[in-house]
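Notes to accompany the following structure.
Not measured: the values here are computed from a predicted model.
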Amino acid sequence: MFAFTLTRRVALAAVAAASLVGPLAARADVTAPDALIKQVSTEVIDTLKADKAIQAGDVSKIIALVDTKVMPNVNFPRMTAAAVGRPWKTATPDQQQRLQTEFKTLLVRTYAGALTQVRDQTVQLKPYRAGAEDTEVVVRTEIKGKGEPIQLDYRLEKTDGGWKIYDVNVLGVWLVEQYKSSFAQEIGSVGIDGLITKLADKNKAAAKS
């Protein structure tokens with residue numbers, strides 16, 4: 001089964017993850033990733049709550065927000081390569097680029113669709129332990145609002161452009177692993193080009209809906 005659709009609760013958590021990423025590169029001088037996550041998440045979620053167009057479901061504005069503020073600050077090549085797995089190494093440069101393009105479009109629309117659900121969520125950080133010399137860290141949080149808290153953890157890496165997120169754990173499942181399972185099934189059945197076609201078809205269908 002080509003299981004690329006997140007559940008409503010997971011999508012809501014995923015958008016909270018996306019909301020944190022946007023300004024990360026601009027705050028590379030902050031040395032503590034946990035403090036960065038807390039500060040940026042609160043700031044961005046407050047902005048989403050106040051944006052009337054997003055709350056009203058302006059799809060074009062939501063997609064533009066995710067595309068311009070979120071995705072440029074993710075290590076997207078690393079995320080795509082990890083989701084594709086071993087076949088990434090044998091894919092041509094053209095296939096790799098097409099995979100990144102379609103996977104990005106898929107995630108942008110997933111996050112955009114969930115943005116309208118942001119209402120009264122707040123972020124609480126869990127105890128954080130990492131050394132000043134660490135270049136990869138995990139920041140663990142909970143998203144609290146109505147209902148049970150949602151576990152939301154981040155894998156970040158330190159780059160020349162600042163801390164960047166390359167994977168997110170939602171309710172105990174790492175996002176990359178979730179897609180890796182679906183991608184592996186598709187690649188095993190129809191190959192890399194088949195996976196690209198499936199992603200493109202799904203994105204075209206979403207654009208028309």
Report yes if the side chains of Val137 and Asp34 come closer than 4.5 Å at any heavy-atom pair, otherwise no.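 Of all side-chain heavy-atom pairs linking Asp34 with Val137, none is under 4.5 Å.
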
Measuring only between side-chain heavy atoms, which start at C-beta, is Glu142 closer than 4.5 Å to Leu152?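 Not in contact.
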
Assign the ring pair Phe103 / Phe76 to parallel, tilted or perpendicular, where the plane angle (0 to 90°) is split at 30° and 60°.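 Tilted, since the angle between the ring planes falls between 30° and 60°.
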
Group every Ile, Leu, Val, Met, Phe, Trp and Tyr by side-chain heavy-atom contacts under 4.5 Å, then state whether [X] and [Y] land in the same group.
| X | Y | result |
| --- | --- | --- |
| Met79 | Val173 | no |
| Val190 | Ile192 | no |
| Val138 | Val176 | no |
| Tyr166 | Tyr154 | no |
| Leu156 | Trp174 | no |

Set of salt bridge (charged side-chain N to carboxylate O under 4.0 Å, His left out) partners for Asp193, sequence neighbours left out: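 If we apply the salt bridge (charged side-chain N to carboxylate O under 4.0 Å, His left out) test to Asp193, skipping adjacent residues, the hits are Arg98.
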
[X] versus [Y], closest heavy-atom pair with distance:
| X | Y | answer |
| --- | --- | --- |
| Lys180 | Gly85 | CE-CA, 4.0 Å |
| Ala200 | Glu102 | CA-OE1, 3.4 Å |
| Thr141 | Asp153 | N-OD1, 3.4 Å |
| Leu195 | Phe183 | CD1-CD1, 3.7 Å |
| Val84 | Ile187 | CG1-CD1, 3.9 Å |
| Arg129 | Pro127 | NH1-CB, 4.1 Å |

Applying side chain to side chain contact (heavy atoms under 4.5 Å, CB included), run through Gln185 and Ser189 and close with a yes or a no. CA-CA 6 Å; Gln185 292 180 31; Ser189 176; over 6 Å; no

Can you tell me how far the [atom1] atom of [X] sits from the [atom2] atom of [Y], to the nearest 0.5 Å?
| X | Y | atom1 | atom2 | result |
| --- | --- | --- | --- | --- |
| Lys164 | Glu136 | NZ | CD | 14.0 Å |
| Gln151 | Asn169 | CD | CG | 5.0 Å |
| Lys104 | Thr80 | NZ | OG1 | 10.0 Å |
| Lys204 | Thr197 | NZ | OG1 | 8.5 Å |
| Ile165 | Trp163 | CD1 | CH2 | 11.5 Å |
| Gln124 | Arg140 | CD | CZ | 15.0 Å |

Do NZ/NE/NH1/NH2 and the carboxylate oxygens of Arg78 and Glu157 come within less than 4.0 Å?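 A salt bridge is present here (some side-chain N lies under 4.0 Å from a carboxylate O).
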
Can you tell me if Asp134 uses its side chain to pair, donor with acceptor, with the backbone of Ala130 under 3.5 Å?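 Such a contact is absent between Asp134 side chain and Ala130 backbone.
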
Quick one: do the Asp94 and Gln96 side chains pair a donor with an acceptor below 3.5 Å?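 Per modelled atom types, Asp94 and Gln96 side chains form no pair under 3.5 Å.
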
